[in-house]
Amino acid sequence: MNIFYDFSSALLQARQRKDVTQEQIAFALDISQATYNAWECGHRICPYKHIIALICYFDDDQFTRRMFRILLTLQHNMAGLNRKSKDELTAYYSKLIRLLADESLEWIKTI
């Protein structure tokens, strides 16, 4: 998977489904339109906090799933998991999913 292409195409498609302009999204996220354009054109991937903001802004299951896959791929590559066996990967991601579920439940208690 080409992360930059997948990220930028997910942004473009979500923006088109929501029928908004780059300027409207940039205003909502309090960033410049040029910054958003760089994300949508595939020149940069935005910081994690903006990925979360975009997920909230678009409120689109397809976009959220694609962002989750991108975040997992980035984490996978940064953790050097490409050299792990299938069993090691299964154990690693099972643990990660359990941690995310636990954290989500704790977070929900705070709202």
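Only this structure's heavy atoms are used, side chains among them; waters, hydrogens and symmetry mates stay out. All figures in this text were calculated on a predicted structure; none of them were measured in a lab.
The side-chain heavy atoms of Lys95 and Arg98, taken from C-beta on, include a pair separated by under 4.5 Å. Arg15 is listed as a side-chain neighbour of Tyr36, based on a closest heavy-atom distance under 4.5 Å. In this structure, the side chains of Phe7 and Glu40 stay at 4.5 Å or more apart for every pair of heavy atoms. Proximity of Thr64 to Phe58: side-chain heavy atoms (C-beta onward) are nowhere separated by under 4.5 Å.
Counting non-hydrogen atoms of other residues, nucleotides and ligands closer than 6.0 Å to CZ of Phe68 gives a total of 12 or fewer. Applying the 6.0 Å contact sphere to OH of Tyr92 captures more than 12 heavy atoms from other residues, nucleotides or ligands. By the neighbour-count criterion of 12 heavy atoms within 6.0 Å, atom NZ of Lys84 is sparsely surrounded, having that number or fewer from other residues, nucleotides or ligands.
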* Decide yes or no on side chain to side chain contact (heavy atoms under 4.5 Å, CB included) for Asp6 and Thr73, but give the supporting numbers first. => CA-CA 11 Å; Asp6 196 42; Thr73 300; over 6 Å; no
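Applying the salt bridge (Lys or Arg N to Asp or Glu O under 4.0 Å) test to every pair with at least one member in residues 74-83, sequence neighbours left out, gives no pairs at all.
By the 30° and 60° cut-offs, the orientation of the rings of Trp39 relative to His50 is tilted.
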Hey, can you pull the donor-acceptor pairs under 3.5 Å for the side chains in residues 41-49, sequence neighbours left out?
none

Would you be so kind as to tabulate the donor-acceptor pairs closer than 3.5 Å made by side chains of residues 99-109, with sequence neighbours excluded?
{"residue": "Ser104", "atom": "OG", "partner": "Leu100", "partner atom": "O", "Å": "2.8"}
{"residue": "Glu106", "atom": "OE2", "partner": "Lys109", "partner atom": "NZ", "Å": "3.2"}

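By the criterion of side-chain heavy atoms lying less than 4.5 angstrom apart, applied directly or through intervening Ile, Leu, Val, Met, Phe, Trp or Tyr residues, Phe27 is not grouped with Val20; the two fall into different hydrophobic clusters. Taking hydrophobic clusters as Ile, Leu, Val, Met, Phe, Trp and Tyr residues chained together by side-chain heavy-atom distances below 4.5 Å, Leu54 does not share a cluster with Leu12. Follow the hydrophobic side-chain contacts under 4.5 Å out from Tyr57 and you reach Ile52 in the same cluster.
Salt-bridge formation is detected for the pair Asp60/Arg17: a Lys NZ or Arg NE/NH1/NH2 atom is positioned less than 4.0 Å from an Asp or Glu carboxylate oxygen.
The structure places OG of Ser8 at 12.0 Å from CD1 of Ile3, a figure rounded to the nearest 0.5 Å. Atom CD1 of Ile25 sits about 7.5 Å away from atom CG of Leu11, to the nearest 0.5 Å. From Ile31, atom CD1 reaches atom CG of Asn37 across 10.0 Å, with rounding to the nearest 0.5 Å. Rounded to the nearest 0.5 angstrom, Leu74 CG and Ile51 CD1 are separated by 7.0 Å. Taking CD of Gln62 as the reference point, atom CE of Met67 lies at 10.5 Å (rounded to 0.5 Å).
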